[in-house]
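Before any comments, here is the structure.
Lettering of chains follows the sequences in order, A, B, ..., and the numbering in each one begins at 1.
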There are 2 protein chains.
Amino acid sequence: MSLPDLTNYFIFARVVAAGSISAGARELNMPKSTVSRRLTELEEEQGIRLVHRTRKGLKLTDIGQAFLIHCETLVSAAEAAQQVTQLMLAAPRGKVHVSAPYALSQSLLTELLPPFMKAYPEINVELTVTNRPINLVDEGVDVALRVRASIEDSSLIARPLADSPGTLYGAPALLAEHGVPKHPLDLLHFPHLSLHYTSGRYTYQLSAEDGEQLTLSFNPRLVTDDMLVLREAAVQGEGLVALPNYLCADAVASGQLQRVLPNWHLPVGIMHLVYPHRRGLLPAVRVFIDYMVAHIPVLAQRSLLIG
Amino acid sequence: MSLPDLTNYFIFARVVAAGSISAGARELNMPKSTVSRRLTELEEEQGIRLVHRTRKGLKLTDIGQAFLIHCETLVSAAEAAQQVTQLMLAAPRGKVHVSAPYALSQSLLTELLPPFMKAYPEINVELTVTNRPINLVDEGVDVALRVRASIEDSSLIARPLADSPGTLYGAPALLAEHGVPKHPLDLLHFPHLSLHYTSGRYTYQLSAEDGEQLTLSFNPRLVTDDMLVLREAAVQGEGLVALPNYLCADAVASGQLQRVLPNWHLPVGIMHLVYPHRRGLLPAVRVFIDYMVAHIPVLAQRSLLIG
DNA sequence: AACTTACGTTCCAATAATGGAACGTTATTT
DNA sequence: AAATAACGTTCCATTATTGGAACGTAAGTT
C-alpha cells in the first residue's frame with residue numbers, strides 16, 4: 001500500500017476556494033509550478049479529472065465537486081488538530097501531572113498548590129503522591145519532586161531547589177531512657193527506624209564538623225517508605241531516626257523530638273524537580289516549575305532556620 | 001505561511017492505532033526510519049510532544065490524545081474522498097453530459113439513448129441540444145456529437161462515426177414551378193435556404209462525378225441553425241436547401257422532397273464524437289462513446305441506403 | 001548469565017521534490 | 001491593432017527526502 005500525499009488534498013481544496021491555480025499558489029505562498037504539478041499529481045493518483053483548467057479560473061467536474069466536500073472536512077480536521085496544540089502552547093492551561101513523595105506533598109505542596117492554582121485558574125493539577133521511584137514517561141508524569149543524595153538521572157532535566165540537611169532525631173523520653181549519645185558509637189544501644197532501601201543495607205553516614213567521617217551499620221526495628229510515619233514513630237519513642245530537618249522543625253519546637261548528635265551531619269539530600277525534555281515543555285508545566293523554583297527554596301529556608 | 005504536511009497527521013494516526021512505530025511502519029509499508037522521522041517532525045512542527053516513546057509501544061500524551069481525535073476524522077475524510085473517485089472508476093456509473101445538434105439529437109439519439117440507458121442503468125445522461133458551437137470544457141460537457149467538413153479541433157479527441165454526404169433538395173412543387181435544374185447555373189433562379197454561417201458568406205461547393213468543381217454564391221431567403229426547420233421549409237416549397245442525405249431520406253421516400261442535381265455532390269460532412277483528454281476518461285463516458293461508435297455508423301448507413 | 005528479539009533513533013549515499021525562469025495562450029487595456 | 005497582464009504548464013539545476021544498514025537499549029528466552 002502506498003499512502004496518498006494528503007497535502008495534495010489540502011492544496012486542491014485551497015486552489016478551488018481561491019478560484020485558480022495562480023491565486024491558490026499565492027494564498028498558499030507556494031510557487032504556482034508546484035501547485036500545478038501537485039494538482040495534476042492528485043488527479044493522476046485518483047485516476048480522474050477533478051478540475052477543468054480554463055484560461056479564466058478553474059471549473060470543477062462533478063466528481064471534483066463531490067471530492068471537494070471531503071477535502072474540506074479534511075482541512076477542517078487538520079485545522080482543529082492544530083488548534084488543539086496551539087491552544088496549549090498559547091498560554092499556561094491544561095493538565096499538569098505532578099508526582100511527589102508523601103513528606104514533600106504534605107508539607108511543601110500543601111502550602112504551595114492552593115496559591116499556584118489560584119494564580120493559574122486554567123491549569124488543572126493531577127498530583128500523584130508516592131514514595132516509590134517512578135518512571136515519569138511510563139506514568140505520564142510531567143514533573144516530579146524528589147529528594148536524592150545526588151542528581152544522576154541523565155535522561156531527565158533536573159532543577160535543584162534546596163539542600164535538605166538531615167540529622168538524627170529521637171524522643172526526649174527515649175533519650176532519657178538510654179542516655180543522650182555523646183558519640184556515634186553510643187547509637188548502637190538504641191533501636192532504629194529507617195526509610196526502606198532496596199539495597200537492604202542500613203547505615204548512617206555521619207560526618208563531624210572537623211571532617212571526620214564515620215559509617216555505622218544498624219538493624220532497623222521499623223522500615224517504611226513514608227517519612228511521616230517514621231517521624232510519628234520517633235515521637236512515640238520507638239527509636240532514633242535520620243530525617244530531613246525541615247520535617248522535624250515543628251516537632252523540635254514543640255518538644256516532641258530532640259536532635260541527636262547535632263554536631264554530626266548526615267549526607268545532604270538535594271531537593272529537586274525533574275521533568276523530561278527541556279524542549280516541547282508546555283507553558284502549564286513550565287509555569288509550575290517556575291513557581292516551585294521560586295517558592296520552594298524560600299519555604300525550605302524558613303523551615304531550616306526554625307529547625 | 002508554510003503549510004503543514006498532512007501526511008504526518010495520517011502517519012501519526014496509523015502509528016497510534018498500530019501501537020508502535022515499528023508496527024505502524026509495517027502497516028504503512030514504510031521503513032520505520034521514515035515513520036520515526038516524520039513523527040518527530042510532526043511534534044516539532046506542533047511544538048508539542050504527542051507520544052512518549054517507551055521500549056514496549058507508545059504512550060499518548062493528553063494532548064496527543066486530543067490531537068489524535070482530529071487526525072482520525074482527517075483520515076476518515078481522506079478515505080471518503082478516495083471512495084468518491086474509486087466508485088466512479090470501478091464501473092460505468094454517474095452522469096454523462098452529452099451535447100448534440102438538433103438534427104442528430106432528434107434522429108440518432110432519439111433512437112439510441114433509450115437502449116443505452118437500459119443497458120447501463122447506473123448512468124444518468126444529461127443531453128444538451130444546441131446548434132451553437134460549444135466549448136466542451138466551459139460547459140462541462142463530457143462528449144459532443146458533431147458534423148463538420150473536417151476534424152480540426154486539436155485539443156480534443158475525435159472519433160469519426162460516419163460520413164454524412166449531402167445533396168440539394170427541393171419540394172416537387174417548387175421544382176415544377178421553376179423547372180428541374182439540369183446544371184448548377186440553373187440554381188440561380190431559385191430561392192435558397194441555408195444554415196447560419198458566422199462568416200456571412202453563403203456558397204454551394206459542388207463537385208461532379210468526373211471531378212469538375214464549382215462554387216456558387218447565393219443569398220439565402222431563410223437562415224437558421226436548425227436543420228429540421230430548413231427541411232420543413234423546403235418541404236413547404238420555400239426554396240432549395242443543402243442537407244445531409246440521412247435527414248431527408250424519409251421525406252424523399254414519401255415524395256415530400258426531391259433530390260436536385262443528384263450527380264453533383266456537396267462536401268461530405270464527417271459525423272464524429274469529440275471529448276477532452278483520452279486519459280482520465282470515466283467508464284461512464286467511455287461506454288457511452290463505445291456505444292455510439294458501435295451503433296451510429298450502422299444507423300447512418302441504413303439511412304443512406306434508404307435515402 | 002548469556003543470548004535473542006524487538007524497539008526507536010541515527011547516518012549518509014541514492015533518489016525524488018522543488019521552484020525560478022521561460023513558454024504558449026488568452027483576455028484586457030492602451 | 002498592438003501591447004500588456006494573467007493564466008497553467010514545462011524545464012532542469014538545486015535542494016530536500018528517503019530508506020537500508022548499523023547502533024544502543026531493554027525485555028523476554030534458553
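In this structure, the CZ atom of A:Arg38 is 13 Å from the C1' atom of C:dG19, given to the nearest Å. If you take CZ of B:Arg26 and C1' of D:dG20, they are 16 Å apart, rounded to a whole angstrom. Rounded to an integer number of Å, the gap from CD of B:Glu41 to P of D:dG19 is 13 Å. Atom CG of A:Asn29 is separated from atom C1' of C:dG19 by 12 Å (rounded to the nearest Å). Between the CE atom of B:Met30 and the C1' atom of C:dA16 there is a distance of 13 Å, given to the nearest Å. A:Ile11 places its CD1 atom 13 Å from the P atom of C:dA17, with the value rounded to the nearest Å.
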Could you give the side-chain donor-acceptor pairs of residues 71-78 of chain A under 3.5 Å, partners two or more places apart or in another chain?
from: A:Thr73; atom 1: OG1; to: A:His70; atom 2: O; distance (Å): 3.0
from: A:Ser76; atom 1: OG; to: A:Glu72; atom 2: O; distance (Å): 3.0

Please tabulate, for side-chain N and O atoms in residues 85-100 of chain B, each donor-acceptor pair with protein atoms closer than 3.5 Å (sequence neighbours left out).
from: B:Thr85; atom 1: OG1; to: A:Gln46; atom 2: OE1; distance (Å): 2.5
from: B:Thr85; atom 1: OG1; to: B:Gln82; atom 2: O; distance (Å): 2.9
from: B:Arg93; atom 1: NE; to: B:Glu122; atom 2: OE1; distance (Å): 3.0
from: B:Arg93; atom 1: NH1; to: B:Leu87; atom 2: O; distance (Å): 2.6
from: B:Arg93; atom 1: NH2; to: B:Glu122; atom 2: OE1; distance (Å): 3.4
from: B:Lys95; atom 1: NZ; to: A:Asp62; atom 2: OD2; distance (Å): 3.1
from: B:Lys95; atom 1: NZ; to: B:Glu126; atom 2: OE1; distance (Å): 3.0
from: B:His97; atom 1: ND1; to: B:Gly140; atom 2: O; distance (Å): 3.0
from: B:His97; atom 1: NE2; to: B:Thr128; atom 2: OG1; distance (Å): 2.7

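Looking at residues two or more places apart in sequence or on another chain, you find a side-chain contact (heavy atoms from CB on, under 4.5 Å) between A:Ser217 and A:Thr203. The ring-ring contact (aromatic ring centres under 6.0 Å, His included) search around A:Tyr197 returns A:Tyr202, not counting sequence neighbours. Residues forming a side-chain contact (heavy atoms from CB on, under 4.5 Å) with B:Thr34 (at least two apart in sequence, or on another chain): B:Met30, B:Pro31, B:Arg37, B:Arg38.
Between B:Phe12 and B:Phe67, the ring centre distance stays below 6.0 Å.
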Return a single string for nucleotides 8-14 of chain C, one symbol per nucleotide in 5' to 3' order, where B is base contact, S is sugar-phosphate-only contact and - is none, cutoff 4.0 angstrom on heavy atoms. BBB----

